[in-house]
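Because the structure is predicted, anything quoted here is derived from the model rather than measured.
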Amino acid sequence: MVASTVAGAPAAPRFDVVRVAPDGGAVIAGRAEPGATVTVRAGAETVAEVEAAPSGEFVAIFRAPPADAPRELTLESGPEDARQRSAET
């Protein structure tokens with residue numbers, strides 16, 4: 001289970017594995033609050049959404065659209081008014 005850093009607040013999702021192929025095929029595995037919807041963003045664009053298992057583990061498989069410059073991948077979860085963002089990118 002992912003530990004919360006603020007009393008009562010859900011913990012931010014985190015990356016365990018990130019692989020992106022030259023053709024844009026991508027796999028991200030990580031941990032979040034059990035049952036949380038995890039949003040994967042490339043820059044400001046949402047590229048995948050998955051639900052964390054009861055164990056908190058999740059896997060997202062998607063194709064990252066091509067870009068002229070490198071983009072930062074981030075993870076978000078939680079309700080819109082209290083989104084938790086990964087500390088890692």
Side-chain angles (χ1 to χ4, degrees):
M1 183 170 188
V2 177
S4 176
T5 56
V6 176
R14 69 172 203 225
F15 293 99
D16 286 341
V17 174
V18 177
R19 296 193 190 269
V20 181
D23 69 355
V27 176
I28 293 179
R31 296 187 182 274
E33 291 291 327
T37 298
V38 178
T39 302
V40 181
R41 296 190 189 278
E45 181 180 358
T46 297
V47 293
E49 279 193 344
V50 297
E51 185 175 321
S55 64
E57 298 171 319
F58 69 87
V59 176
I61 300 171
F62 60 95
R63 184 158 309 281
D68 293 332
R71 290 178 292 172
E72 186 175 81
L73 291 173
T74 57
L75 302 173
E76 294 180 357
S77 66
E80 288 302 318
D81 62 344
R83 297 292 284 175
Q84 297 293 318
R85 190 172 191 187
S86 58
E88 311 155 312
T89 56

One should read off an interatomic distance between Ile28 CD1 and Asp16 CG, to the nearest 0.5 angstrom, of 11.0 Å
Heavy-atom closest pair (Ser77 atom, Ala11 atom, distance to 0.1 Å) is OG-O, 4.2 Å
Contacts of Thr46 meeting side-chain hydrogen bond (donor to acceptor under 3.5 Å, both in side chains) (sequence neighbours excluded), chain-then-number -> Arg41
Got Val40 and Leu75 here, is their nearest side-chain heavy-atom distance under 4.5 Å? yes
Residues at least two apart in sequence or cross-chain that pass side-chain hydrogen bond (donor to acceptor under 3.5 Å, both in side chains) with Glu49, listed by chain then number, are Thr39
On a heavy-atom basis, the closest approach of Glu33 and Ala52 is O-CB, 3.5 Å
Review point. Are Val59 and Val20 in one and the same hydrophobic cluster, where Ile, Leu, Val, Met, Phe, Trp and Tyr link if side-chain heavy atoms are under 4.5 Å apart?
Key: no
Heavy atoms of Phe62 and Ala48 approach each other most closely as CD2-CB, 3.8 Å
So CZ of Phe58 and OG1 of Thr37: to nearest 0.5 Å the spacing works out to 11.5 Å
